[in-house]
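Here the structure comes first, spelled out in structure tokens, and everything after it is commentary.
Position 1 is the first residue of the sequence; numbering continues from there. Computed from a predicted model, the values in this text were never measured in an experiment.
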Amino acid sequence: MTDVTAPDVPARLYSQTDYDERGNFQYQGDLYRSGEDLPSLASRMGRHLAEQFTLTRIAISTSKFAGGRKVTAEILDTPADLTDSDRQNAFIVEVRDQMERFGFTCANALQGFHSCSFFCEARIGRAYWAALAKRRGPRNPVEALVSLAAFKKRVKPGDSLKLIDAPAGHRSLGTTRTITRVRSGDLILEGRSHLDFPRAAAFACDGKLVRISIGSDYDPDAHLLYEWRAAA
């Protein structure tokens, strides 16, 4: 099926297309080219997305598999705060709608039939969350005066660590534990617990406070903040 639109009338978008009463779904984008190879498709789509979302950085990748081929648009950065799930989903739909303009889909939900020129996915990349955290600025910043390597040499059994900040719900928040053993990869604490040493880039210490970054996609600034108390 070909979507025919009058001049100056915006093309119908994928998300605006509904199944009919018989379970049929038919959509063909206005930018679709029959027989187009994957590199050409990805190149055209990348340019189009850059023109449509001028303040957004998007990386295009492709893959082929037994069931067909796929184009993925990974959102690396955009000025919008996409922490809210509704706002995030709306932006993903907006990007995917532009991707779908390059293809066609023919399906029937009742018969389990689905045919398309390519599968597509728009997703929020890890780089976006890192960029968002950088714009917001870190919480509980700690000046990196003591490197991880130096900390490993200076910390010793008998010292203690008090967890003074952590992601909500952390069961050890506010507790103080004595270090019983220092190993190359972690600290053994009283109560049969341990603390893994992070990568150097995720560690900051000013001689009193220790900040260990444990950020995730949805909470890029997540961290553990300890007060380091030397043994008497």
Side-chain angles (χ1 to χ4, degrees), residues 1-19 25-107 114-139 199 201-202 213 215-222:
M1 176 181 178
T2 301
D3 293 335
V4 179
T5 57
D8 301 323
V9 176
R12 178 163 54 89
L13 298 174
Y14 185 87
S15 65
Q16 299 168 341
T17 306
D18 297 320
Y19 285 85
F25 179 93
Q26 294 187 2
Y27 175 84
Q28 181 168 304
D30 57 312
L31 301 178
Y32 170 66
R33 291 181 183 174
S34 178
E36 184 173 24
D37 61 32
L38 197 54
S40 173
L41 172 64
S43 178
R44 283 205 304 131
M45 189 182 295
R47 293 194 301 271
H48 175 75
L49 292 178
E51 294 170 356
Q52 293 293 312
F53 303 96
T54 56
L55 300 179
T56 299
R57 289 193 300 115
I58 298 176
I60 298 294
S61 61
T62 62
S63 60
K64 291 183 177 180
F65 48 92
R69 55 187 190 166
K70 181 178 180 179
V71 181
T72 300
E74 184 171 357
I75 299 163
L76 305 179
D77 195 12
T78 189
D81 185 339
L82 302 178
T83 305
D84 178 78
S85 60
D86 289 340
R87 188 176 300 176
Q88 182 180 145
N89 291 335
F91 191 70
I92 287 175
V93 169
E94 189 178 351
V95 173
R96 184 179 175 184
D97 269 342
Q98 294 302 317
M99 299 172 70
E100 293 284 5
R101 291 176 65 186
F102 290 81
F104 75 83
T105 299
C106 181
H114 184 97
S115 176
C116 62
S117 54
F118 61 89
F119 295 94
C120 82
E121 178 187 8
R123 66 188 183 203
I124 310 298
R126 185 178 295 273
Y128 167 79
W129 300 110
L132 178 62
K134 186 176 181 180
R135 287 196 296 273
R136 288 176 171 175
R139 184 167 55 88
R199 294 181 179 274
S213 298
S216 64
D217 287 356
Y218 294 100
D219 188 4
D221 192 42

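- A pairwise comparison of heavy atoms in Ala73 and Ile60 identifies CB-CD1, 3.8 Å as the closest pair.
- Residues Phe53 and Glu94 form a side-chain contact, since some pair of their non-hydrogen atoms from C-beta on lies under 4.5 Å apart.
- Atoms SG and CZ, on Cys106 and Phe25 in that order, are 9.5 Å from each other to the nearest 0.5 Å.
- Partners of Asp37 by side-chain contact (heavy atoms from CB on, under 4.5 Å), not counting sequence neighbours, listed by chain and number: Pro39, Ser40.
- In this structure, Arg135 and Pro79 approach most closely via the heavy-atom pair NH2-O, 4.3 Å.
- For the atom pair Phe118 CZ and Thr72 OG1, the distance stands at 10.5 Å (nearest 0.5 Å).
- Contact record, Leu82 with Gln88: O-NE2, 3.1 Å, taken as the closest heavy-atom pair.
- For Tyr32 and Tyr27, the ring centers are positioned 6.0 Å apart or more.
- To the nearest 0.5 Å, atom CZ of residue Phe119 and atom NZ of residue Lys70 are 9.5 Å apart.
- No side-chain heavy atom of Asp221 sits less than 4.5 Å from a side-chain heavy atom of Arg136.
- Side-chain polar atoms of Arg12 and Thr17 form a donor-acceptor pair below 3.5 angstrom.
- Note that CD of Glu74 and OG of Ser61 are 7.0 Å apart. Values are rounded to the nearest 0.5 Å.
- Ring orientation note: the planes of His48 and Phe102 are nearly perpendicular, at an angle over 60° on the 30°/60° scale.
- In plain terms, the two heavy atoms of His114 and Thr105 that are nearest each other are CE1-CG2, 3.7 Å.
- Nearest heavy atoms, Met45 versus Val71: SD-CG1, 3.6 Å.
- Summarising the geometry, atom CE belonging to Met99 is positioned 11.0 Å from atom CD1 belonging to Ile92; distances are rounded to the nearest 0.5 Å.
- For the residue pair Leu13 and Gln98, the shortest heavy atom distance occurs at CD2-NE2, 4.3 Å.
- To the nearest 0.5 angstrom, Leu132 atom CG is 5.0 Å from Asp81 atom CG.
- Side-chain contact between Glu100 and Cys120 is present, with at least one heavy-atom pair separated by less than 4.5 Å.
- When side chains are defined from C-beta on, Tyr128 counts as touching Asp77, because their heavy atoms get closer than 4.5 Å.
- Formation of a donor-acceptor pair under 3.5 Å by the Arg139 side chain with backbone atoms of Ala222 is not found in this model.
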